[in-house]
Amino acid sequence: MPEHYSTKGSVKVPVGIKSQLKTIADAYYTSTKKDVVVTSGKRTEKSQAEALYTRFNKGGDVKDYIAQKEAKAVKKAYDDAVKLKKKKPDIIDEMEKILKAQIKNRKYLSKHLSSKALDIRKKNMSKAEQKAFLKACKATAKKCLVEGTPEHFHLQFK
Amino acid sequence: MTNRRNMFLILAAMVFFVACDSDNKPETETSSGTVSKQMNKVLHDDEILKFNSKILYKGDEISISLPLPHPKELAIKSPNGTWFYLHVENEGDSEMLMPKEKFAALKQLNLDTSKLEARYWDNGKAMRGKVFGVTGAYLIYMADNLETELDNTLHFSSIIQYNDKNKQND
């Protein structure tokens, strides 16, 4: 039986939630005859640290992050490493260490660091299809949220 | 005792009316509790993306100086909330301004407000339309991945003001 989901680019679906995704995608397909597109899945600490390095290096801050405490801790690691004139790979390593310590304590700067989150394309769904998707999602996932920016569905699993 | 009973009846009636009212409301994303708290955040980094001007008039060109490296994708949110997808990877020519390698190396992006068209989505259908058509604040949003939360992707953003009228000469 074919899968009723595809992934955007190189997005990886965490192994532990593949079967739940399949259940949701199959239910959505049954009511709409359409497949879903996974736009984001598992994020590694390394890629998160690299993205934050570029953002901070270009003058960006953490004011728009939900997990303020965790984001500020990573920013501090960046600032401290810069003050010590460390090189880029070493600065990223310091930031990654903070992210790993946070994850160990089940604190996540991004929910995608948890291996329990997925984003699903919303823009190509009609209002009726969105409703069908939410129904399928709520029957399986722990949380089904509409997030921005731009809008997409964020799914959180147990 | 009578007063207490009357109070109870009034309260019961209020609960009943509220319950009926809620039942009649169509289910929206807000009422079904699916909207995240990040949804309506106004985000913008004033210093990262640099513009020739942040106040634009009909026919003006926007020139955006981009740092390198910069995020891979670009969208603009119009004042009425429509998202225009200008450059999205893996979506084909209809959502790309140029080949992705060229965009990745781009240091300056020039956009003509009078001509710029891009893809947007209306009730699940892909449409194409003019980006700058109404007066108001436009969010310029760049991210490595437009379709995820901003805390899950490298992102830069800024807000510009567009006036859908010709600039008056002093």
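Residue numbers begin at 1 in each chain, while the letters A, B, ... track the order of the sequences.
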Using heavy-atom distances under 4.5 Å, tell me whether [X] contacts chain A through its side chain, its backbone, both, or neither.
{"X": "B:N90", "value": "side chain"}
{"X": "B:I76", "value": "neither"}
{"X": "B:Y85", "value": "side chain"}

Count the heavy-atom pairs under 4.5 Å between each of [options] and chain B, then report the option with the highest count.
{"options": "A:L52, A:V37, A:V62, A:T54", "answer": "A:T54"}
{"options": "A:H154, A:E50, A:H152", "answer": "A:H152"}
{"options": "A:R43, A:K123, A:M125", "answer": "A:K123"}

Review point. Side chain, backbone, both or neither: which part of A:Q48 has a non-hydrogen atom closer than 4.5 Å to chain B?
Key: side chain

Does a side chain donor of either [X] or [Y] reach within less than 3.5 Å of an acceptor in the other side chain?
{"X": "B:S63", "Y": "B:N110", "value": "yes"}
{"X": "B:N145", "Y": "B:T153", "value": "no"}
{"X": "A:K34", "Y": "A:N124", "value": "no"}
{"X": "B:E147", "Y": "A:S40", "value": "no"}

Point to revise | A:S31 side chain vs A:Y28 backbone, donor-acceptor pair below 3.5 Å | key: yes

Revision key, fill the gap. When rounded to the nearest 0.5 Å, the distance separating OH of A:Y65 from CZ of A:R55 is 5.0 Å

